[in-house]
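Input: a single structure, listed below in structure tokens.
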There are 2 protein chains.
Amino acid sequence: MPSAPKGDSADRVGRVTIVDVARRAGVSKSTVSLVLSGSELVAEATKLRVNEAMGALGYVYHRGAASLRAASSDLVGMIMGDLNNPFFAELTAGIEDALFQRGFTPILANTSEDIVRQAQVLRAMREHNVAGIIISPARGTDTWALAQQWPSHIPAVITMRRMIGSSLPYIGPDNQKGERDAVEHLLKLGHRRIAFIGGDDSMTTQRERVAGWRDALNGWGLAADESLIFEVPPTRDGGRVAIERALDGPQPPTAFACYNDIVAMGATRALALRGIVVGRDVAVVGFDDIADAEHNAPPLTTVSAHTREMGMRCAEGLLGLIRREDPASLSFAGDASLIVRESCGARFQGRGVS
Amino acid sequence: MPSAPKGDSADRVGRVTIVDVARRAGVSKSTVSLVLSGSELVAEATKLRVNEAMGALGYVYHRGAASLRAASSDLVGMIMGDLNNPFFAELTAGIEDALFQRGFTPILANTSEDIVRQAQVLRAMREHNVAGIIISPARGTDTWALAQQWPSHIPAVITMRRMIGSSLPYIGPDNQKGERDAVEHLLKLGHRRIAFIGGDDSMTTQRERVAGWRDALNGWGLAADESLIFEVPPTRDGGRVAIERALDGPQPPTAFACYNDIVAMGATRALALRGIVVGRDVAVVGFDDIADAEHNAPPLTTVSAHTREMGMRCAEGLLGLIRREDPASLSFAGDASLIVRESCGARFQGRGVS
DNA sequence: ATAGAATTTTGGAACGATCCAAAATGGGAG
DNA sequence: CTCCCATTTTGGATCGTTCCAAAATTCTAT
């Protein structure tokens, strides 16, 4: 017979508590508590007896009760702007993994870019007495409002979307450097009219990436032509719209640096539908390196944000804050590295149908 | 000056509790508790005074403390097999939304299809005294093992992956019916050699979808040719591999019913790279209707699992269990409806480049 | 055998809410 | 002015843990 985890009182009405365990092991509840916390104080023999009792009774630790006494719980809030964006889904999975491994329990909230929802969610997290939060602020989040909604003494790290003027540490990729590399790559391939498409001026991430685009052009002694910045929603459809606007204008660009991979996918699709072969007639680069990027038609040249690692960094950064390390030292701009595939033409294989 | 939420004791060392509020409002903590729970018993004037005190002190409700006395908390576990699969990301967002609206707080766990991780996560959820869980079991989860890891008296609903023999209610789309519709559509378009690609026999979802495929063929008086079932991982690359195997075999199929959209995307891409125009030379249908499906090249004909609604159903089903309704009556197979786009050829526009 | 030190164990007070029976208050009828 | 009843309010026990000072036990050296 396999060892069944059910103990003799597994079907009791109430929960099996530390007191029940203590009674069965013939010790006091304090001793059981000591065993639970892995204390060195308790004698080996006693430890064994207590563990046996816990097994027999099917005891389950009650974290809520424990954290009532401690200052904070093992809960950590994860507030994401848009879970349906694969990039954020990957980031979420990364953070979840890292937190769980460190003994924290992530509570998830998806704001769908809704700042009202975000405010509600922040309050709920406070009510749960979370040890801290990792937040990717919804678009349109105001630095001041966030400061009002989240007391500065509770650990929080901001990820992926920098809040200017906020005292909270920021963890995210180096957008400017990444975009600069991407655009320089296009310049090296001979492109001179390089558009930037997607997002708009109100998004810090867009501003950082545009800055990188400008840097690269200026670095090559070229003036950045602001009319080549196309502000469209950071969506697939946004990519399509930008392509249409760009192509229908005078002197269409020969290369497109996209706000992110989603926009780039929309753009490549729109180009393909016009019969333009991406990677031969025109170059496209994305940003983020989501899983789908390499399966796009054609596979996207993009800038990797090292999503998984970023998630780990976030978890670690928050842990640092919880341990009361200096917030300033925690801000972190991860590397962002160019991944060359086919959409830029550098490795174009000339396969005929794109 | 805008009304600052900071009260006079917002920077106290400890937390502001109902006792502090009670003191300031000149009432007992019981009264404050009554106000908190929205009781009708308390006089209007007192209610006002208490609310004023809460505002002034910046009181934040402590859900953990409250749930210590109640049988269970407002936490609900969400256990997902693979968050990186856009389908599950959408489902997760849907469930999260529905739970939050009903006043529950979802705690998230991504098992990455790892049953060891899943067991750990289940335990963590128990320790958090969750009101219930919504679980999409990791591949390879054994019904008996799950029953051991999750006591039957704690509400749980299984979603998307039926566990045969489990007493827990199952909520998911009608896979068999959906696949039958899809394959019938292919039959109507004149296809006779229709392959089923992706997943394998150990996955209940695959078995259900294969059953639908078989139903459709048999319904048209055709024998289901088992050699047309290609068992490959339910991934993009799996789709590619299946296409290669199928095309290199004798008498290649003219249509492919795919386990899900991811496989279908891998398949369409592999076909395109071989110069085969999907929607003209060959037909492909997917399953799930993830957001990317309509942006695929060509847009995928697929079966919608009504993901968002499914998420809502899960939340509602769990709520029913928490309210101690009959588990059997909660099982639910949602509709699964065919969405015709271009990959099957029914609406092929003949655009040249696919 | 015994003081003193070292090692183990323990009872009771927290933590911040809810719940219940009982007490206080207010109003209307006699 | 009292009594009764309806409306409000309240103290204290409780949920399951941790923490702390103090008690009990064991060990060591004399």
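A note on names: the letters A, B, ... follow the listed sequences, proteins ahead of strands, and every chain is numbered from 1.
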Discussion item. Protein within reach of the bases, or only the backbone? For nucleotides 16-27 of chain D, mark each nucleotide 5' to 3' as B, S or -, using heavy atoms under 4.0 Å.
Written reply: BSBB--------
Worksheet item: Given the rule in the side-chain hydrogen bond (donor to acceptor under 3.5 Å, both in side chains) test, do B/Asn129 and A/Arg63 qualify, once you have shown the distances and angles that lead to the verdict?
Response: CA-CA 8 Å; B/Asn129 201 27; A/Arg63 301 205 201 193; over 6 Å; no
Discussion item. Evaluate A/Leu318 against A/Ile171 for side-chain contact (heavy atoms from CB on, under 4.5 Å), listing each step before the verdict.
Written reply: CA-CA 10 Å; A/Leu318 188 68; A/Ile171 295 179; over 6 Å; no
Discussion item. In this structure, how many angstroms lie between the P atom of D/dC15 and the CD atom of B/Glu127, rounded?
Written reply: 21 Å
Response to the item:
A/Arg23 atom CZ is separated from C/dG11 atom P, nearest whole Å, by 13 Å
Discussion item. Five pairs per end, C1' atoms only: what is the angle between the end axes of the helix from C/dA1-D/dT30 to C/dG30-D/dC1, to 10 degrees?
Written reply: 50°
Worksheet item: Just how far, in rounded Å, is P of D/dT9 from CD of B/Glu44?
Response: 11 Å
Fill in: Least distance between heavy atoms, B/Phe88 atom then B/Asp82 atom
CB-O, 3.3 Å
Worksheet entry | Atom of B/Met163, atom of B/Thr141 and distance for their closest heavy-atom approach | CE-O, 3.3 Å
Discussion item. Looking at B/Ser72 and B/Val130, would you say the former's side chain and the latter's main chain have a donor-acceptor pair under 3.5 Å?
Written reply: no
Can you give each donor-acceptor pair under 3.5 Å made by side-chain atoms of residues 102-111 of chain B, sequence neighbours left out, with the distance rounded to 0.1 Å?
from	atom 1	to	atom 2	distance (Å)
B/Arg102	NH1	B/Ala98	O	2.9
B/Arg102	NH2	B/Glu316	OE2	2.7
B/Thr105	OG1	A/His128	NE2	2.8
B/Thr105	OG1	B/Asp74	OD2	3.4
B/Asn110	OD1	B/Leu83	N	3.0
B/Thr111	OG1	B/Met80	O	3.2
B/Thr111	OG1	B/Glu113	N	3.4

Worksheet item: Under 4.0 Å between a side-chain N or O of A/Thr46 and OP1 or OP2 of C/dT8?
Response: no
Response to the item:
Rounded to whole Å, the CD-P distance (A/Glu40 to C/dA6) equals 18 Å
Worksheet item: Rounded to the Å, how far apart are A/Leu41 CG and C/dT10 P?
Response: 13 Å
Fill in: Which atom of B/Arg23 lies closest to which atom of B/Asp20, heavy atoms considered
NH2-OD1, 3.0 Å
Worksheet item: Taking CG from B/Leu57 and P from C/dG16, how many angstroms apart are they, rounded to a whole number?
Response: 14 Å
Worksheet item: Between A/Arg126 and B/Arg15, which heavy-atom pair has the shortest distance, and what is it?
Response: O-NH2, 3.6 Å
